[in-house]
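No hydrogens, no waters, no symmetry mates; every other heavy atom, side chains included, goes into these values.
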Amino acid sequence: MDKKKLGLVLGVVVGIILIASFCFYQYELKREYTIDDAKKLEPFYMHDTPESDESGMLTFNFQLGSHISNNKDKKLEYFVFNTKDKKFTELENSSFGLQYRFDLKKIAKDRIDKLIETGAGQYPYDPERFENLLKDEVANETIYLLVFPKGYALKHNLYSSSDSEFAEKNSFESISLSNDWYFDNPKNFCGGYTTVSEYVSSLVTQNLSAEDFAYLVTKVRSHVPRPVEIINAMPVETQISKRLEEDYFARGNFDSRKTMYIFPEFLNLATYSPEIDYLRTYSVSESEQEELKDKIDEWSQRIIDDKKKYEEQTDKLFLDENIQAVGKLNNTLFRFRINEDGEQSMELSVDKKNE
């Protein structure tokens, strides 16, 4: 084949390709997508691990696939369906791509409201309750990713729909929120708390009335997060007597110290640091001395050690080493205490990692 014929063939081939491309472009330009057509496109995917911010919003960032042209984009609308609140939400188009913002505060508030409102007795002691609150609440929650032809959602009233079966059937992908890494992501804002769950819970508890907060602490008993401002403090010293060994009558007499904290708002129950007890004397009946002889040596040594510790801490106003001055604390936890005389109080501590 000479060069002239080859050039003619190539020209015909290029012409056919150009005509086919133009026809396909015109087809795509005028094409109207069905819901099944749109679903098959699987147009967007999750980009990076979701992060929560200072306001307690968990943000999912999505990106359009490279196969979604401007023309296709104009003909589509992108949604998620959350099985917990049962709502279709159109994705926001920002400079970061498509975004879905998920309010963790609402989840925490719903659970905390239930803790306040339900149950006549105290809840079981659970020091990890608020650490895992969000994980526990969304354990069975799923987010469905959806795409519809432009105007489909409005035409079919999806903005006000709660049809989870429709969402599941027409989604092209789903995200399970039971995956711990959404809440363990180190980029989540924790505000000084160990977990994002505690931080988000603190955003809710700081808006509770003093009465409701104190009631919540008496109900759940321990590790309730709430930021506070200490405006003053004072030492409290008492003498107490209590058994030194379970199932025996041997008793110890102690000097007991704690710090009482003063806040701008009285939280309905007096709040103290954890108590420190210093053994001063002990008494053991003759009938128990033989059985407790090893313990007696320990108690005698403790009296010596506690006397030294008491003297070293005499001038300390703040007995909790993590709280050494007045001011705002953003990672505090409250616990409920009731003594042998039936007096109720709260105990304040600072949330520290690895404790």
Inset, instruction - Could you tell me whether Glu165 atom CD has more than 12 heavy atoms of other residues or ligands within 6.0 Å of it? - result: no
Legend entry - Any donor-acceptor N or O pair under 3.5 Å, side chains Arg337, Ser345: no
Legend entry - Polar contact flag, side-chain donor to acceptor under 3.5 angstrom, Ser241-Arg251: yes
Inset, instruction - Output, in order, the C-alpha distance, side-chain angles, deciding distance and verdict of salt bridge (Lys or Arg N to Asp or Glu O under 4.0 Å) for Glu290 and Lys293. - result: CA-CA 5 Å; Glu290 181 61 30; Lys293 61 182 180 180; 3.3 Å; yes
Inset, instruction - Report the distance from atom OG1 of Thr259 to atom CG of Leu319, rounding to the nearest 0.5 Å. - result: 4.0 Å
Inset, instruction - Indicate the ring-plane relationship of Tyr310 and Tyr278, choosing parallel, tilted or perpendicular according to the 30° and 60° boundaries. - result: perpendicular
Legend entry - salt bridge (Lys or Arg N to Asp or Glu O under 4.0 Å) assessment of Lys150 paired with Glu77: CA-CA 5 Å; Lys150 201 75 170 180; Glu77 53 191 18; 5.3 Å; no
Inset, instruction - For residues Leu115 and Lys219, determine if any side-chain heavy atom of one lies less than 4.5 Å from a side-chain heavy atom of the other. - result: no
Legend entry - Under 3.5 Å side-chain donor-acceptor pair for Asp297 and Gln301: no
Inset, instruction - Taking the six-membered ring for Trp and the single ring otherwise, decide whether the centroids of Phe172 and Tyr144 are under 6.0 Å apart. - result: no
Legend entry - Tyr78: partners by ring-ring contact (aromatic ring centres under 6.0 Å, His included), with sequence neighbours left out: Phe44
Inset, instruction - Look up atom NZ in Lys135 and atom CD in Glu128, then write down how far apart they are to the nearest 0.5 Å. - result: 9.5 Å
Inset, instruction - Say whether Asn82 and Tyr100, considering side chains only, have a donor N or O and an acceptor N or O under 3.5 Å apart. - result: yes
Inset, instruction - Taking atom types as modelled, find out whether Asp320 and Ser273 have a side-chain donor-acceptor pair closer than 3.5 angstrom. - result: no
Inset, instruction - Give a yes-or-no answer on whether the side chains of Asp37 and Thr34 include a donor-acceptor pair shorter than 3.5 Å. - result: yes
Inset, instruction - May I ask you to test the Ile262-Ile230 pair for a side-chain heavy-atom distance under 4.5 Å? - result: no
Inset, instruction - Examine the side chains of Glu51 and Asn188 and answer whether a donor and an acceptor come within less than 3.5 Å of each other. - result: no
Inset, instruction - On the 0 to 90° scale, with breaks at 30° and 60°, tag the Phe62-Phe60 ring pair as parallel, tilted or perpendicular. - result: parallel
Inset, instruction - Apply the ring pair (Phe, Tyr, Trp, His ring centres under 6.0 Å) test between Tyr159 and each candidate in Tyr152, Phe88, Phe79, Phe81; give the one that qualifies. - result: Phe79
Legend entry - Criterion side-chain contact (heavy atoms from CB on, under 4.5 Å) against Trp299, the qualifying member of Asp306, Thr281, Leu244: Leu244
Inset, instruction - Kindly determine whether Arg226 and Phe334 satisfy side-chain contact (heavy atoms from CB on, under 4.5 Å), including the steps that lead there. - result: CA-CA 7 Å; Arg226 177 173 169 130; Phe334 287 80; 4.0 Å; yes
Legend entry - Verdict with supporting geometry, Ser287 and Ser285, side-chain hydrogen bond (donor to acceptor under 3.5 Å, both in side chains): CA-CA 5 Å; Ser287 61; Ser285 65; 3.2 Å; yes
Legend entry - Test item: side-chain donor near acceptor, Thr49 and Asn185, under 3.5 Å: no
Legend entry - Side-chain donor-acceptor pair present, Asn268, Glu211, cut-off under 3.5 Å: no
Legend entry - Polar side chain donor-acceptor pair, Arg129 to His223, under 3.5 angstrom: no
Inset, instruction - Would you tell me whether Glu198 and Thr195 have side-chain atoms, one donor and one acceptor, within less than 3.5 Å of each other? - result: yes
